Undergrad: 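Please find one structure pasted underneath; my questions will follow.
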Amino acid sequence: MSALANTATPDAVRRAKYAVFAAFVSSGGLFATWASRIPESIRELDVSTSRFGVLLLFMSIGALAAMPLLGWIVAQVGVVRAIAGAAVVGAAGIILAGIGVSVLAEQWVVGLGLMVGGLGVGTWDAAMNLAGAEVEQQLGTTVMPHFHAAFSGGTVVSALIGAGASAAGVSIALHLTVMSALMALAVLVTVRPIGSVTQHSAPTSEAPQPKKTARSAWGERRTLLIGVVTMVAAFTEGTANDWIAEAFVSGHDVPVWAGTLAFAMFLSFMTAGRLIGTSLLDRYGRVPVLRIAFGGAVVGSLMVVFGTTAIAYAGVAVWGVGVSLGFPVGMSAAADDPERAPARVAVVSTIGYTAFLAGPPLLGFLGDHYGILRALLVVGAAVLLALVCLPAVREPERNELR
């Protein structure tokens, strides 16, 4: 840890923690602003789920192009400017996508907007996870799930706003423009205190080092296994985020607003799981808790697919709790060694967000053949892979970092 981080006062750490919370809340709010209007966007553009899946891939391409560069970006501008600049870019992309849907009705504009949004969101999320891991190390206690609960909380509020906007007939373009601008502004106003505690607060003249570190991190067995665990958690979460609303609308024959409420319900229980799970992680350790949580995600997804509408809503709750801890634990595990945290967080973020962003669009292709509801069965199969790799996320005193 740098001298700056070592001399940070408790008050500075507290302010930085709240700034990280704000970054996570705003990121979740931006994502759910878009996701809450996906069912209507499909219908306004008059496209199949597979065609819309192609459009979603543009967001994936943008995000995955940005994430591996986290170490280099932070070295150039510092983590504070990385988060702030990425928030502005991400918001601009989502605004453009909204205009493409309901003003221009042009798929290529939607795709371009989502790609720009992905560039911003990818950098934003990776940088704020790095900042969150450093604050967690300063506090000396598990707090990363609380940050991700803040992300989920932002998505819950934003999804409910989206449901209200949908029910009230507010245009997608207007809704996305107002909400995206508010999310970016919130980050710009609150992000500065992070710089007082992070060892990556300012540009560095050692530009070649991040590239060297990033290459070596991709060759580390533990880092890659953590990436697999995070990948499955992200795929399970991302699948629910992108398709649960549509699965309820097309698979359980509920109105669009009721499908959006299923999405909000998933996010609410995921938030609760992250708040409750933090103490469980400190008490029982990462691996035992994740084993139980992932099992719950499988059970919940099966309830959604095979249950009646009422059982499916209960399954959404179980699924949300089950998937809640995988991603934040992966981020914490990747940052266990502060000196190599940027490179490892970049690797794990890239692997995780590959599944979070690219997996759900590919599920759209399955949806064309079997229906989105049945396509959700892929979730259970993916969790089996994560269970095999779980030992890699053990706390550092029980696992080698290198």
Side-chain angles (χ1 to χ4, degrees), residues 16 18-35 58-97 113-135 144 147-155 158 176 179-195 198 200-201 230 234 237-238 241 327-328 330-331 334-335 341-342 345-354 356-358:
Y18 292 145
V20 174
F21 271 123
F24 273 86
V25 169
S26 301
S27 180
L30 181 66
F31 177 80
T33 293
W34 161 248
F58 281 92
M59 189 172 194
S60 308
I61 291 169
L64 298 178
M67 284 182 178
L69 301 175
L70 175 64
W72 180 83
I73 292 171
V74 169
Q76 301 305 306
V77 302
V79 71
V80 171
R81 290 180 180 175
I83 294 172
V88 172
V89 173
I94 298 302
I95 290 171
L96 180 59
L114 291 178
M115 181 178 289
V116 173
L119 283 168
V121 168
T123 304
W124 180 357
D125 282 12
M128 74 183 182
N129 272 291
L130 173 60
E134 292 191 296
V135 170
M144 187 67 85
F147 291 141
H148 284 262
F151 179 95
S152 301
T155 60
S158 191
L176 267 56
M179 289 297 294
S180 299
L182 288 175
M183 296 304 103
L185 180 61
V187 172
L188 293 176
V189 169
T190 60
V191 73
R192 186 177 296 274
I194 293 173
T198 177
H200 309 289
S201 59
T230 309
E237 179 182 341
N241 283 339
F327 200 93
M331 292 295 104
V345 169
V347 170
V348 173
S349 294
T350 301
I351 296 173
Y353 278 97
T354 297
F356 184 81
L357 297 170

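The analysis underlying the following values was restricted to heavy atoms, covering all of them including side chains, and did not include hydrogens, waters or symmetry mates. If you're wondering where the values come from, they're calculated on a predicted model, not measured in any experiment.
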Undergrad: Taking only residues two or more places apart in sequence or in another chain, which ones pass ring-ring contact (aromatic ring centres under 6.0 Å, His included) with F147?
TA: F21, F24
Undergrad: Is the closest side-chain heavy-atom distance between L96 and M115 below 4.5 Å?
TA: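 No, too far: nothing below the 4.5 Å cut-off.
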Undergrad: On a heavy-atom basis, which atom in V191 and which in A19 lie closest, and how many Å separate them?
TA: O-CB, 4.2 Å
Undergrad: Step by step, work out the side-chain contact (heavy atoms from CB on, under 4.5 Å) result for M144 and V20.
TA: CA-CA 10 Å; M144 187 67 85; V20 174; over 6 Å; no
Undergrad: Mind running side-chain contact (heavy atoms from CB on, under 4.5 Å) on T230 and I351 for me, showing each step along the way?
TA: CA-CA 7 Å; T230 309; I351 296 173; over 6 Å; no
Undergrad: How far apart are the closest heavy atoms of A131 and V79, and which atoms are they?
TA: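 In terms of heavy atoms, the two residues are closest at CB-CG2, 4.4 Å.
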Undergrad: Side chains of N129 and H148: closer than 4.5 Å at any heavy-atom pair?
TA: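 Result yes, sub-4.5 Å side-chain heavy-atom pair found.
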Undergrad: Can you give me the closest heavy-atom contact between L119 and A66, atom names plus distance?
TA: O-CB, 3.6 Å
Undergrad: Please name the pair of heavy atoms, one in S180 and one in L30, separated by the smallest distance, quoted to 0.1 Å.
TA: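 So the minimum-distance heavy-atom pair works out to OG-CD1, 3.3 Å.
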Undergrad: Write down the atom of T155, the atom of G28, and the distance for their closest heavy-atom approach.
TA: CG2-O, 3.0 Å
Undergrad: Just grab all the side chain to side chain donor-acceptor pair (under 3.5 Å) pairs involving residues 21-32, residues at least two apart or on different chains.
TA: S27-D125
Undergrad: Check whether any side-chain heavy atom of I83 lies under 4.5 Å from a side-chain heavy atom of V187, and answer yes or no.
TA: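 With C-beta onward as the side chain, the pair touches.
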Undergrad: Between the side chain of T33 and the main-chain N/O of L176, is any donor-acceptor distance below 3.5 Å?
TA: no
Undergrad: Taking side-chain hydrogen bond (donor to acceptor under 3.5 Å, both in side chains) as the test, write out the residues that go with T123, two or more places apart.
TA: none
Undergrad: What is the minimum heavy-atom distance between A87 and A184, and which atoms define it?
TA: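 Result for this residue pair: O-CB, 3.9 Å.
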